[in-house]
2 protein chains.
Amino acid sequence: MNAVFKALADPTRRKVLELLRKQPMTAGELADHFPVSRPTMSAHFAVLREADLIESTKIGTTITYHLKLSVLEDALLGFARLFGTEAPNATANATQAIEPGHAQKGSTQ
Amino acid sequence: MNAVFKALADPTRRKVLELLRKQPMTAGELADHFPVSRPTMSAHFAVLREADLIESTKIGTTITYHLKLSVLEDALLGFARLFGTEAPNATANATQAIEPGHAQKGSTQ
DNA sequence: ATTTAATTTCGATGATTAGCTAAATACCAA
DNA sequence: TTGGTATTTAGCTAATCATCGAAATTAAAT
C-alpha cells in the first residue's frame with residue numbers, strides 16, 4: 001500500500017492511470033500525452049508497475065499497458081476504511097462509487 | 001490535490017492522520033507515537049498543514065492538531081471519481097462510506 | 001544482413017525530502 | 001527574572017526522485 005501511495009504522489013503518474021482507465025494504451029501513446037522524454041515516462045511506468053497498478057503485455061516491439069483497477073481500489077478503500085467510523089458496509093458502498101463499471105450490483109438508486 | 005497526495009505519500013504522515021481521526025492530539029502526544037525526533041515530526045505536521053489536512057489550535061505553549069476530514073474526503077473522492085464510469089451520484093455514496101458518522105457536508109471549519 | 005521502430009537501461013545531474021542536532025521562540029511558573 | 005516545557009526554525013547531510021541524452025535491447029521490415 002505504501003508503494004501505491006508513493007506512485008500516486010506524482011501528477012504525471014496519476015494522469016497515466018486516468019488515461020489508462022479509458023482504454024489500454026501503448027507506452028508510446030501514453031508518452032505522447034506528456035511533455036517529458038521517453039526514458040522519463042518509462043521510469044514512471046516502472047513505478048506504477050512496481051506498485052502493481054498497471055500491467056504490460058508485449059506484442060512485437062510494442063508494449064501495451066493496462067490499468068489494474070482492483071489494486072487501486074483496494075489501496076484507496078483500505079485507506080478510506082481507516083477513516084470511516086467502522087461502518088461495516090462502507091466497503092461495499094465505496095466500491096460501487098469507485099468502480100460502478102463492473103460492480104454492477106443492483107445499485108440502490 | 002497534489003499537495004494532499006504528496007502528504008499521503010509518507011507512512012508517518014498517514015499514521016498521524018489515522019491517530020488524529022480518533023481524537024485531536026497535541027504535537028507532543030503525536031510525536032510520542034513515532035521513533036523520530038520532534039523537529040522531524042514538526043516538519044511532517046507542516047506538510048500536513050500545507051495540504052490543509054490538519055489544523056492547529058494553540059493553548060499556552062501547547063499546540064493541538066485536529067484532522068480536517070472533509071479535505072481528505074474531497075481529495076480521495078475527487079480522485080476516485082475519475083475512475084468511476086461517469087456515475088454522477090458516486091460521490092454521495094462514497095461520502096457516506098468514508099464518513100458515515102458525521103456526514104454533514106458544508107462544514108464550517 | 002541492415003535498417004528502422006519501440007521501449008528500456010545506464011549514467012549523470014539538479015531538486016526535493018526525511019532525518020538529525022542545536023538554537024530560537026513562546027509561554028508558564030516560581 | 002530565572003528556569004522549565006512545548007514546539008518550531010535553522011542549518012546540515014544523506015537519500016530519494018524526476019529528468020535528461022546516449023546506449024542497449026528487441027523485433028519487425030526491407
Side-chain angles (χ1 to χ4, degrees), chain A residues 1-20 22-68 72 75 79, chain B residues 1-20 22-68 72 75 79:
Chain A
M1 168 154 133
N2 192 31
V4 172
F5 276 101
K6 283 285 199 72
L8 256 29
D10 185 277
T12 296
R13 289 193 291 262
R14 287 198 303 273
K15 196 77 189 297
V16 166
L17 295 179
E18 204 180 323
L19 287 169
L20 248 26
K22 297 171 198 156
Q23 70 220 260
M25 288 176 91
T26 69
E29 285 169 343
L30 284 167
D32 286 339
H33 287 79
F34 301 88
V36 300
S37 71
R38 299 300 164 112
T40 295
M41 289 305 296
S42 186
H44 283 308
F45 299 150
V47 173
L48 292 170
R49 240 186 288 116
E50 185 65 28
D52 202 30
L53 286 168
I54 62 175
E55 216 168 41
S56 64
T57 60
K58 191 173 184 176
I59 295 180
T61 169
T62 297
I63 293 176
T64 299
Y65 283 109
H66 69 90
L67 180 62
K68 293 181 73 172
L72 181 61
F79 181 70
Chain B
M1 171 158 131
N2 192 31
V4 172
F5 276 102
K6 284 283 199 72
L8 257 27
D10 185 277
T12 296
R13 288 192 292 262
R14 287 198 303 273
K15 195 77 189 295
V16 167
L17 296 179
E18 204 179 323
L19 287 169
L20 248 26
K22 297 170 198 158
Q23 71 221 260
M25 288 175 91
T26 70
E29 286 169 342
L30 284 167
D32 286 341
H33 287 79
F34 301 88
V36 301
S37 72
R38 300 298 166 111
T40 295
M41 289 305 296
S42 185
H44 283 308
F45 299 150
V47 172
L48 291 170
R49 240 187 289 117
E50 184 65 29
D52 202 30
L53 285 168
I54 63 176
E55 215 167 43
S56 64
T57 60
K58 190 172 184 176
I59 295 180
T61 169
T62 299
I63 293 176
T64 299
Y65 283 109
H66 69 90
L67 180 63
K68 292 183 73 172
L72 182 60
F79 181 70

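Lettering follows sequence order; numbering is per chain, from 1.
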Open item on the list: Minimum heavy-atom separation for A:S56 and A:I63, please, with both atom names.
Closed with: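 Nearest heavy atoms, A:S56 then A:I63: CB-CG2, 3.7 Å.
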
- [ ] Search all heavy atoms of B:A3 against all heavy atoms of B:A51 and return the closest pair with its distance.
- [x]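 Nearest pair, atom of B:A3 first, then B:A51: O-CB, 3.6 Å.
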
Whole angstrom value for the distance that separates [atom2] of [N] from [atom1] of [X]:
X     : N      : atom1 : atom2 : result
A:E50 : D:dA18 : CD    : P     : 13 Å
B:L48 : C:dT17 : CG    : C1'   : 14 Å
B:I54 : D:dT8  : CD1   : C1'   : 13 Å
B:I63 : C:dC28 : CD1   : C1'   : 15 Å

Task: Heavy-atom side-chain proximity of B:T64 to B:I59 below 4.5 angstrom - done: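 They are not in contact (no side-chain heavy atoms under 4.5 Å apart), so the answer is no.
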
Open item on the list: What I'd like to find out is whether the side chain of A:H66 reaches to under 4.5 Å of the side chain of A:I54, using heavy atoms alone.
Closed with: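 A side-chain contact is absent here, since even the closest heavy-atom pair is not under 4.5 Å.
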
Task: A:K6: partners by salt bridge (Lys or Arg N to Asp or Glu O under 4.0 Å), with sequence neighbours left out - done: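 Checked A:K6 against salt bridge (Lys or Arg N to Asp or Glu O under 4.0 Å); zero matches.
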
Task: Aromatic centroids of B:F79 and B:F5 separated by under 6.0 Å - done: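 Yes - the distance between ring centres of B:F5 and B:F79 falls below the 6.0 Å cut-off.
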
List, with names and distances, any nitrogen or oxygen atoms from the protein found under 3.5 Å away from nitrogen or oxygen atoms belonging to nucleotides 18-22 of chain C.
from: C:dA18; atom 1: OP1; to: B:R13; atom 2: NH1; distance (Å): 3.1
from: C:dA18; atom 1: OP1; to: B:R13; atom 2: NH2; distance (Å): 2.8
from: C:dA18; atom 1: OP2; to: B:R13; atom 2: NH1; distance (Å): 3.4
from: C:dG19; atom 1: OP2; to: B:H44; atom 2: NE2; distance (Å): 2.5
from: C:dC20; atom 1: OP2; to: B:S37; atom 2: N; distance (Å): 2.8
from: C:dC20; atom 1: OP2; to: B:S37; atom 2: OG; distance (Å): 2.8
from: C:dC20; atom 1: OP2; to: B:T40; atom 2: OG1; distance (Å): 2.7

Open item on the list: Any side-chain to backbone donor/acceptor pair from A:R14 onto A:L8? Under 3.5 Å, distance only.
Closed with: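 Yes, the answer is positive, given that a donor and an acceptor are paired below the 3.5 Å cut-off.
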
Open item on the list: side-chain contact (heavy atoms from CB on, under 4.5 Å) for B:M41 and B:T12? Distances and angles first, verdict last.
Closed with: CA-CA 9 Å; B:M41 289 305 296; B:T12 296; 4.1 Å; yes

Report all side-chain donor-acceptor pairs from residues 24-34 of chain A shorter than 3.5 Å, counting only partners two or more places apart or in another chain.
from: A:T26; atom 1: OG1; to: A:E29; atom 2: N; distance (Å): 3.1
from: A:E29; atom 1: OE1; to: A:T26; atom 2: N; distance (Å): 3.0
from: A:D32; atom 1: OD1; to: A:R38; atom 2: NH2; distance (Å): 2.8
from: A:H33; atom 1: ND1; to: A:E29; atom 2: O; distance (Å): 2.9

Task: Side-chain N,O (B:Y65) to OP1/OP2 (D:dA6) below 4.0 Å - done: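 Checking B:Y65 against D:dA6: no side-chain N or O falls below 4.0 Å of OP1 or OP2.
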
Task: Strand-adjacent residues in residues 23-34 of chain A, judged by heavy atoms under 4.0 Å from DNA chain C - done: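 Listed by number, they are A:T26, A:A27, A:G28.
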
Open item on the list: Strictly under 4.0 angstrom, non-hydrogen atoms only: write out the protein contact profile of nucleotides 25-30 of chain D, one letter per nucleotide from the 5' end, B, S or -.
Closed with: -BSS--

Task: Full working for side-chain contact (heavy atoms from CB on, under 4.5 Å) between A:F45 and A:V47 - done: CA-CA 5 Å; A:F45 299 150; A:V47 173; over 6 Å; no

Task: Residues that B:T40 engages under side-chain contact (heavy atoms from CB on, under 4.5 Å), provided they are two or more places apart - done: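 Listed in chain order: B:V36, B:S37, B:H44.
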
